[in-house]
Amino acid sequence: MSSVTNDETKLRERMAEHGKALFDRGLTFGSAGNISVRLDDGWLLTPTNSCLGRLDPARIAKLDDQGKLLSGDPPSKEAFMHRAVYEERAGARAVVHLHSTHSVAVSCLEGIDPANVLPPLTAYYVMKIGTLPLVPYFRPGDPALGEAIREYIAKTPAVLLANHGPVVAGKSLDDAMYATEELEETAKLFLLLQNHRTRPLTPEQIDDLHTHFPS
Ligand SMILES: [Zn+2]
């Protein structure tokens with residue numbers, strides 16, 4: 001059994017806190033969704049068939065860099081997606097994947113731009129997500145989905161899986177969580193604005209944000 005540092009203990013507790021907060025607000029339900037955090041000696045991932053609202057920090061799966069279970073309960077069947085993100089993004093320290101209602105609704109719409117699904121409606125969306133490509137549909141658990149994600153996630157920290165949900169990487173667990181929540185709220189705004197004439201931010205306004213808030 002590998003030693004557990006204080007840092008790892010705190011991260012496990014924080015995963016459970018975030019999971020409960022997502023569940024309590026209806027952003028996840030049943031056993032849907034998974035959260036992972038990169039450590040210096042592997043990574044943590046929420047267990048398969050676990051409810052994010054009732055995570056036991058001590059039973060969260062710990063995996064090595066190849067995805068082998070080191071301790072804890074068996075990991076989510078979507079582990080390969082998280083591994084694909086960590087292998088493609090050296091700076092990613094956490095990954096959040098949800099089946100959150102509004103993001104999934106947008107992922108099912110006909111006619112969305114697969115290169116960038118949501119318009120730049122607000123400054124915070126531009127700063128936290130910016131670009132959101134659509135990854136084509138794959139059956140749940142299909143390893144080909146992991147390969148498909150690699151192509152997109154290498155270029156942007158967030159992707160939307162068609163008819164499935166978002167996958168968001170962050171520089172920390174909090175960072176990934178807040179970006180996922182911003183995405184979900186923007187998907188909700190986008191749906192509220194269907195059939196309304198909207199005025200997204202202009203390219204000049206987006207450049208101005210990037211100048212003042214470099215990522
Ligand atoms: Zn999923």
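Start at 1 and go down the list; that is how both ligands and their atoms are numbered. These numbers were taken from a predicted model, which means no experiment stands behind them.
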Taking the six-membered ring for Trp and the single ring otherwise, decide whether the centroids of H210 and H212 are under 6.0 Å apart. no

Apart from L201 itself, members of its ILVMFWY cluster (side-chain separation under 4.5 Å) are Y124, V126, M127, I206, L209, F213

Is there a salt bridge (Lys or Arg N to Asp or Glu O under 4.0 Å) between R25 and E181? Walk through the geometry before answering. CA-CA 11 Å; R25 288 174 296 155; E181 293 182 29; 3.1 Å; yes

Where the Zn ion (ligand 1) is the centre, what is the NE2-to-NE2 angle for H164 and H97, rounded to 10°? 100°

What's the atom name of the N, O or S in H99 nearest to the Zn ion (ligand 1)? NE2

Of the N, O or S atoms in E78, the one nearest the Zn ion (ligand 1): OE2

Which word best sums up how the rings of H82 and W43 line up, parallel for under 30°, tilted for 30 to 60°, or perpendicular for over 60°? parallel

